Amino acid sequence: MPSTTPPPEHLRKEVDSVLIGETEIAARVRELAADIERDFADRDLLVVALLTGTVPFLADLIRHITLPMRLDFIGVSSYGNNTAPGELVFTKELRLEAENRDVLLVDDILDTGKTLRAVTDKLNALKPRSLKTCVLLEKKSRRAEKIMGDYVGFEVPDAFVVGYGLDYAECYRNLPFIGILKPEVHA
Ligand code: IMP
Ligand code: MG
């Protein structure tokens, strides 16, 4: 588990600590891209990213992948603004053809696994040639579905994390680091 440092002054009321800093994120994202490049060499790659939390991660990741690829998005969110995983709703459907393609599904964090389970079931129904998953973060303690990420950036503790795409009530996605939100903010 990474060691933590204090957040910038202007965030100290809300963010408890920086869990993973910008430099560490950038280095790990390059490694993930290198692993993906190696495994998908000579394949017809379709990257499917989940909205909205993947945006910074996805933008950094794909710039380090030199393979030809297509990119599409699926919108999925759970009801409400709370931190408890709720019922899933699809807010945007896939537009590109997935049949017979090598699909890489990208999400921000694998927690209970309900999101990845629902989306991988949906994608598998489209008969891709292969389907792999890539998540920036994973929390192992709350897993409810038997599902693992094929490419995982970092394992994080069971705390609410924000930044680098991850939100609380749609805020904090723009932070360049991954921080632990103070419990009183999301209580
Ligand atoms: P799962 O369906 O429980 O695996 O959760 C996946 C989704 O829950 C992610 O795409 C996030 O939107 C959200 N999520 C889970 N844990 C956190 C967190 O610590 N911070 C922000 N979002 C989270
Ligand atoms: Mg999300």
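Every number for a ligand or one of its atoms is a count from 1 in the order of the listing. Owing to the predicted nature of the structure, the values given are computational and were not obtained by experimental measurement.
- A side-chain donor-acceptor contact under 3.5 Å links K139 to the backbone of A159.
- Put simply, the side chain of R101 never gets that close to the backbone of R129: no donor and acceptor are under 3.5 Å apart.
- In this structure, the separation between CG on D167 and OH on Y172 is 10.5 Å, given to the nearest 0.5 Å.
- Residue-level proximity to ligand 1 for L50 is absent, since no heavy atom of it falls below 4.0 angstrom.
- Contact annotation: for V161 versus ligand 1, heavy atoms closer than 4.0 Å belong to both the backbone and the side chain.
- Residues A118 and L88 share a closest heavy-atom pair of CB-CD1, 3.7 Å.
- Atoms of ligand 1 found under 4.0 Å from any heavy atom of G113 (numbered from 1 in listed order, with element): 1 (P), 3 (O), 4 (O).
- Residues satisfying the side-chain contact (heavy atoms from CB on, under 4.5 Å) criterion with K132, sequence neighbours excluded, are F40, L104, D150, Y151.
- With hydrophobic clusters built from ILVMFWY side chains whose heavy atoms lie under 4.5 angstrom apart, Y168 does not share a cluster with V55.
- Within the structure, ligand 1 has K139 among the residues with a heavy atom less than 4.0 angstrom away.
- At under 3.5 Å, not a single nitrogen or oxygen of R142, backbone or side chain, sits near a nitrogen or oxygen of ligand 1.
- Every atom of ligand 1 with a heavy atom of F160 under 4.0 Å away is listed here by number and element: 17 (C), 18 (C), 19 (O), 20 (N), 21 (C), 22 (N).
- Where the criterion is an N or O separation shorter than 3.5 Å, residue side chain and backbone included, L110 fails it with respect to ligand 1.
- For ligand 1, the atoms sitting less than 4.0 Å from at least one non-hydrogen atom of T112 are 1 (P), 2 (O), 3 (O), 4 (O), numbered in the order shown with element in parentheses.
- Within ligand 1, counting atoms from 1 as listed, the ones closer than 4.0 Å to a heavy atom of T115 are 1 (P), 2 (O), 5 (O), 6 (C), 7 (C).
- Remark: distances from the non-hydrogen atoms of D107 to ligand 1 include one below 4.0 Å.
- Near A159, with a cut-off below 4.0 Å to any heavy atom, the atoms of ligand 1 are 19 (O).
- Taken from CG in D44 to CG in L67, the straight-line distance is 10.5 Å, to the nearest 0.5 Å.
- For the side-chain contact (heavy atoms from CB on, under 4.5 Å) test, residues two or more places apart in sequence or in another chain that qualify with R30 are H64.
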